[in-house]
There are 2 protein chains.
Amino acid sequence: MGDTTETGLPRALAIAWGVQDVPQRGPSRGLTHERIVAAAIEIADAHGLGAVTMQAVAKSLDFTTMSLYRYVSSKDELLRLMQDAALSLPEEVELPDDWRAALRAWADLIRDAYRVHPWALEIPRGQAAVLMPRTVRTADLGLAAMSGIALDDGEKIAVLLLISQHVASMVELERSLAAEGGFTATPEGLEKLRRAIAPDRFPHIAAIMAAGGYVADAPAPPDAPEGVDDEYEFGLDLLIAGLESLERRARRRP
Amino acid sequence: MGDTTETGLPRALAIAWGVQDVPQRGPSRGLTHERIVAAAIEIADAHGLGAVTMQAVAKSLDFTTMSLYRYVSSKDELLRLMQDAALSLPEEVELPDDWRAALRAWADLIRDAYRVHPWALEIPRGQAAVLMPRTVRTADLGLAAMSGIALDDGEKIAVLLLISQHVASMVELERSLAAEGGFTATPEGLEKLRRAIAPDRFPHIAAIMAAGGYVADAPAPPDAPEGVDDEYEFGLDLLIAGLESLERRARRRP
DNA sequence: ACCTGAACACCGTTCAAGT
DNA sequence: ACCTGAACACCGTTCAAGT
């Protein structure tokens, strides 16, 4: 109750698509869903998702906290609206003809969007998330990118899911690395850690650590790129290589 | 302050590895980190992460809320300990020799763990997450699975990251589908939605919807599997196919 | 039907006090 | 140094009242 309309659609879905009935009687409304979501996004951009409270949003609009509940039935609903609004792609998008390049371009679009509003990744995705407007638009573009490839609909959707998840996790990783650049432990602290990650219990990881990667002695490797661009590209390379091999196989026995 | 020890290590890391100094003087301690984390996990398993409050955890241990702060400097720290503890693999793991099969087995192990404690996926991953004990153990196993493949360390790590992210997102999707089986809209609600997702604005998605997929008229497709096993396997297939093609290329010009 | 103000039932966390 | 009890500063949300 409260999170679905009388049409059975989740309220956030109805609001986002603008198919929610607006009351006709009574005083005119002082707010709109758009303004509320925009205000909440502004706060999240500036101070993180944790700073988005009903009171903070209302205050920034010069309204009482309670007035928001005339538009949004719960904070959760507001978060879902924010989440979809955050995934905003350019109005006009020109994708390359080659599906490889098109998929890469598509991934980059999503990455750009998430980089602008990274807090969107912290919001748990609800049941109807895939049917929200921006998500549908994004999926439609992704399908357009794949129109030149021999996969059925279900497989295409799976590919888009895979890529968008990859992008999301890379942006998240990128952020958590940038947040503190890891941490700076004392030599004594590092020694404790190294003794805990013993070669006999974790031979492969210990070998990598001994080789100087990941847990370095230096407080922070100053020359190391410390980005995740390589991992991002590698993941796309791998997926595309996998798709090519799938295509070859399909072409061989059609 | 408070989230790092005097060795510079994040407190959660020091606690999880057991390298945190324990005070020697004063009365003996009535609790342990293990018991606190176990109690919190029990609550999360039974009633979700939202039910894990400091008061609820303390109560289930028959202690005051405040006593927990002698062991954990914040709720956030407790959540990080829970997150790592949730990723528990079997004590003894026998991986197949073939790296393809080994990677699949590895992915299945992670999936099993996440299925037991799905709330772990809701906890944001902090800076030191990759160095926590279970995560290190898991990564070590993953590297073992890939020992027969010609990739450098960085690429192997990237592959493990990719696979574990895939697994996580599939379990999450699986859960959100099971949570409500989507939603059941009235014919009128569905009609509104279909008009919103117009073929001229979203040609590819609209085509898929018209073909009967995803937003069906029936309240809930009773015969449809509604699982994500196909997508899960497809993602692994794709990644492994990509790795094979990478290997072929490397072997051709060594 | 809108917006408001007071109030409720929580939270995480601080702090001073007891042992 | 442990555990406690009271208290603080929030938070989301309900409700009755005004317009």
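Sequence lines set the chain letters: A, B, ... in the order given, protein chains first and strands last, and positions in each chain run from 1.
When the P atom of dC11(C) is taken as reference, atom CG of Asp76(B) falls 18 Å away, rounded to whole Å. Between the CG atom of Leu31(A) and the C1' atom of dA1(C) there is a distance of 14 Å, rounded to whole Å. Atom pair Phe63(B):CZ and dG5(D):P shows a separation of 12 Å (rounding to whole Å applied). The NZ-P distance, from Lys75(B) to dC11(D), rounds to 15 Å in whole Å. One can place CD1 of Ile36(B) at 13 Å from C1' of dC2(D), the figure rounded to the nearest angstrom. Distance, Lys59(B) NZ to dC10(C) P: 10 Å, rounded to whole Å. Look at OH on Tyr71(B): it is 18 Å from C1' on dT13(C), rounded to the nearest Å.
For Met66(B), the listed nucleotide lying nearest its side chain is dA6(D); candidates were dA6(D), dT13(D), dG12(C). Taking only side-chain atoms of Arg29(A), from C-beta outward, the nucleotide of dC2(C), dC2(D), dG12(C) with the closest atom is dC2(C). Nearest to the side-chain atoms of Arg70(B) among the listed nucleotides dC3(D), dT13(D), dA6(D) stands dC3(D). For Thr53(A), counting side-chain heavy atoms from C-beta on, the closest listed nucleotide (dC2(C), dC11(D), dT13(D)) is dC11(D).
Side-chain contact between Thr32(A) and Tyr71(A) is absent, with no heavy-atom pair separated by less than 4.5 Å. Under the 4.5 Å side-chain criterion, counting only non-hydrogen atoms from C-beta, Trp17(B) is not in contact with Lys192(A). Inter-residue side-chain proximity for Leu68(B) and Lys75(B) is flagged as unmet; no heavy-atom pair is nearer than 4.5 Å.
In this model, the phosphate group of dC10(C) is not approached by any side-chain N or O of Gln55(B) to a distance below 4.0 Å at OP1 or OP2.
The residue Ser67(B) sits close to a base: some heavy atom pair falls under 4.0 Å. Within the nucleic acid shown, Tyr69(A) comes within 4.0 Å of at least one base atom, counting heavy atoms only. Using a 4.0 Å heavy-atom distance criterion, Ser74(B) is classed as a sugar-phosphate-only contact. At a threshold of 4.0 angstrom between heavy atoms, the contacts of Met54(B) are confined to the sugar-phosphate backbone, with no base atom among them.
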* To do: Walk me through it: do Asp229(A) and Arg111(A) pass the test salt bridge (Lys or Arg N to Asp or Glu O under 4.0 Å)?
  => CA-CA 11 Å; Asp229(A) 287 2; Arg111(A) 184 160 76 151; 3.5 Å; yes
* To do: Report the C-alpha separation of Gln83(B) and Arg125(B) in whole Å, then their side-chain angles, then the decisive distance to 0.1 Å, and conclude whether the side chain to side chain contact (heavy atoms under 4.5 Å, CB included) test is met.
  => CA-CA 8 Å; Gln83(B) 181 175 53; Arg125(B) 299 184 69 74; 3.7 Å; yes
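Applying side-chain contact (heavy atoms from CB on, under 4.5 Å) to Tyr232(B) and the options Val171(B), Leu173(B), Asp108(B) leaves one that passes, Asp108(B).
Taking a cutoff of 4.0 Å between a charged side-chain nitrogen and a carboxylate oxygen, Asp84(A) and Arg80(A) do not qualify as a salt bridge.
For DNA chain C, if you chain together Watson-Crick or G-U pairs that step i with j, i+1 with j-1 and so on, the runs of at least three with distances under 3.5 Å are C:4-8 with D:12-16, C:12-16 with D:4-8.
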